[in-house]
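To keep things clear, I will list the structure first and then write my remarks on it.
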Number of protein chains: 2
Amino acid sequence: MNFDIAMERLKSEGFKRTPSREAILRLLEREDRYLSAGDVRKALADQHPKMSQDTVYRNLSSFSEMKILEETELGGERKFRMHCNRHGHHHHFICMECGRTEELDVCPMEQVSRALPSFVIDDHKFEVYGQCPDCRTAG
Amino acid sequence: MNFDIAMERLKSEGFKRTPSREAILRLLEREDRYLSAGDVRKALADQHPKMSQDTVYRNLSSFSEMKILEETELGGERKFRMHCNRHGHHHHFICMECGRTEELDVCPMEQVSRALPSFVIDDHKFEVYGQCPDCRTAG
DNA sequence: TTTCCAATTCGGAATGACTACGATTTACTC
DNA sequence: GAGTAAATCGTAGTCATTCCGAATTGGAAA
Ligand SMILES: [Mn+2]
Ligand SMILES: [Mn+2]
Ligand SMILES: [Zn+2]
Ligand SMILES: [Zn+2]
């Protein structure tokens, strides 16, 4: 997903176009990795020193709910990234140093569904953590 | 894992046998599901009203580090359960109503390792969420 | 263009999980 | 039974997140 498509999505769902929303989405498009609300505030501190934490949290949550962003929880913190372009279901490798992700095609849920016929399955989480090639070289 | 094996493990690693530790481990053995620190405090409020949160958190963390407990993070909270008896690596279905778990044999990490040869893989998380047969019937 | 108002943001206080820490108590060794 | 390090207690602090009332603003309607 890119900035323009995200803004269209907002408009089509009746959200207003505000400087805060533009700045947050532009940042996430540019960074292309998982950022916490605090990361976002820091990154926008120069251009938008008055943006309140309420605004950051509220918008990140809204964007996540409407699938503009992908969200996970790492180290007790919510983290957000621009939703991948790829169609359909996928998971991520996440670099614990820089937050960058690599998309994974693997998903074992068909097997699991078959193994648990009497359970209601609502959701699942599959994430792989480590060091990306760039961070590995740099380290 | 059961209470007695857990106490042996504590002893062998030089930890003292205290009423707090016994109560926490007995509770987790009996419940056999994921509990938060708050859940533990509430459950022990009758028998051990003076047990401080420091004691609960410190011991749950210690037990988790020494693999007496399994730990996960759900809804922004750390949760703990007695480590399964099963040998070797596995994952869980977790009932979002009652916290009970079902062990899963499926793990897609061999495929992932093959797909990401230039990445350092340190860890992964695979969890399935939903409703267990008991809660389904009860609901 | 101006008016209008619900949506949005702001600033700051409240919440809740978790951690830190000095004082006190306790489990184990001798 | 005395000594000592470990463990616990009580409480205060931290940090991410949420809440709330007041002020501002985007964009539709006049
Ligand atoms: Mn993705
Ligand atoms: Mn297990
Ligand atoms: Zn990296
Ligand atoms: Zn259940």
Side-chain angles (χ1 to χ4, degrees), chain A residues 3 6-27 34-66 68-69 71-81 99, chain B residues 3 6-27 34-66 68-69 71-81 99:
Chain A
F3 175 84
M7 291 309 299
E8 279 175 33
R9 179 82 56 85
L10 285 179
K11 179 163 212 171
S12 76
E13 299 202 24
F15 287 78
K16 294 180 179 175
R17 180 172 187 131
T18 70
S20 295
R21 286 175 176 159
E22 288 188 13
I24 292 170
L25 288 173
R26 285 220 153 87
L27 172 69
Y34 275 111
L35 297 181
S36 67
D39 294 333
V40 171
R41 286 199 83 193
K42 282 188 209 89
L44 299 180
D46 292 335
Q47 301 292 328
H48 300 268
K50 298 301 200 48
M51 192 185 297
S52 76
Q53 51 184 339
D54 180 273
T55 297
V56 174
Y57 279 106
R58 182 169 23 76
N59 282 318
L60 288 175
S61 290
S62 300
F63 299 163
S64 179
E65 274 175 35
M66 68 181 77
I68 289 173
L69 303 182
E71 178 175 356
T72 190
E73 191 169 342
L74 283 173
E77 258 186 322
R78 294 171 75 186
K79 304 233 178 187
F80 305 85
R81 57 160 292 137
Chain B
F3 175 84
M7 292 308 300
E8 280 174 31
R9 178 83 55 85
L10 285 181
K11 178 161 214 172
S12 76
E13 299 202 24
F15 286 77
K16 294 180 178 174
R17 180 172 188 129
T18 69
S20 295
R21 286 174 175 159
E22 289 188 12
I24 292 170
L25 289 172
R26 285 222 152 87
L27 171 69
Y34 275 111
L35 297 181
S36 68
D39 294 334
V40 171
R41 286 200 84 195
K42 282 187 210 90
L44 300 180
D46 291 337
Q47 302 291 329
H48 300 266
K50 297 301 199 50
M51 192 184 299
S52 77
Q53 52 184 339
D54 180 275
T55 296
V56 175
Y57 279 107
R58 182 171 22 77
N59 282 318
L60 289 174
S61 290
S62 300
F63 299 163
S64 179
E65 274 174 36
M66 69 181 77
I68 289 174
L69 303 182
E71 177 176 356
T72 190
E73 191 170 341
L74 282 173
E77 259 186 320
R78 294 170 75 187
K79 304 232 176 186
F80 304 86
R81 54 160 294 137

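Proteins come first, then strands; the chains are lettered A, B, ... in the order of their sequence lines, and each starts at number 1.
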Phosphate contact (D:dG26 OP1 or OP2) by A:T18 side-chain N/O below 4.0 Å: no

Value in whole Å for how far the P atom of C:dT26 lies from NZ of B:K16: 12 Å

5' precedence on DNA chain D between A:K79 and B:P19 (nearest-nucleotide basis): B:P19

A:Q53 CD to D:dC20 C1', straight-line distance once rounded to whole Å: 13 Å

Distance-only donor-acceptor test, A:D54 side-chain atoms vs D:dC20 base atoms, 3.5 Å: yes

Any side-chain heavy-atom pair of B:F15 and B:R9 under 4.5 Å: no

First of B:A37 and A:N59 reached from the 5' end of DNA chain C, by closest nucleotide: A:N59

Distance (rounded to the nearest 0.5 Å) between A:L60 CG and A:F80 CZ: 5.0 Å

Which donor-acceptor pairs under 3.5 Å do the side chains of residues 35-45 of chain B make with protein atoms, sequence neighbours left out?
unit_1 : atom_1 : unit_2 : atom_2 : d
B:S36  : OG     : B:G38  : N      : 3.4
B:S36  : OG     : B:D39  : N      : 3.0
B:S36  : OG     : B:D39  : OD1    : 3.4
B:S36  : OG     : B:D39  : OD2    : 3.1
B:D39  : OD2    : B:S36  : N      : 2.8
B:R41  : NH2    : B:M51  : O      : 3.2

Given C:dC10, D:dT17, D:dT8, the nucleotide with the shortest approach to the side chain of A:R78: D:dT17

Student check: side-chain heavy atoms of A:I68 and A:L10 closer than 4.5 Å: yes

Touch class at under 4.0 angstrom, heavy-atom based, for B:S36 against every strand present: nothing

Atom-pair distance (CZ on A:F80; P on D:dA16), nearest Å: 13 Å

Note, A:F63 side chain near A:E71 side chain (heavy atom, < 4.5 Å): no

Interatomic distance where CD belongs to B:E13 and C1' belongs to C:dA27 [whole Å]: 18 Å

Residues touching DNA chain C, which here means a heavy atom under 4.0 Å, drawn from residues 38-52 of chain A: A:K50, A:M51, A:S52

Sugar-phosphate only, base, or nothing, as touched by A:R58 at under 4.0 Å among non-hydrogen atoms: base

Whole angstrom value for the distance that separates C1' of C:dT29 from CZ of B:F15: 18 Å

Nearest-Å distance for atom pair CZ/C1', residues B:R17 and D:dT8: 18 Å

Polar contact flag, side-chain donor to acceptor under 3.5 angstrom, A:S61-A:S64: no

Nearest listed nucleotide, side chain of B:Y57, among C:dT19, D:dA16, D:dT8: C:dT19

Inter-residue atom distance A:Y34.OH - A:R81.CZ, 0.5 Å rounding: 6.5 Å

Net bend of the helix from C:dT1-D:dA30 to C:dC30-D:dG1, end axes of five pairs each, nearest 10 degrees: 30°

Whole angstrom value for the distance that separates P of D:dT14 from CD of A:E77: 17 Å

Check: B:N59 main-chain N/O paired with B:R21 side-chain donor or acceptor under 3.5 Å: no

Atom pair OH/CZ of A:Y57 and A:R78 - distance to nearest 0.5 Å: 8.5 Å

A:K79 with A:E73: basic N within carboxylate O range, under 4.0 Å: no

Rounded interatomic separation in angstrom, taking NZ from B:K11 and C1' from C:dA27: 11 Å

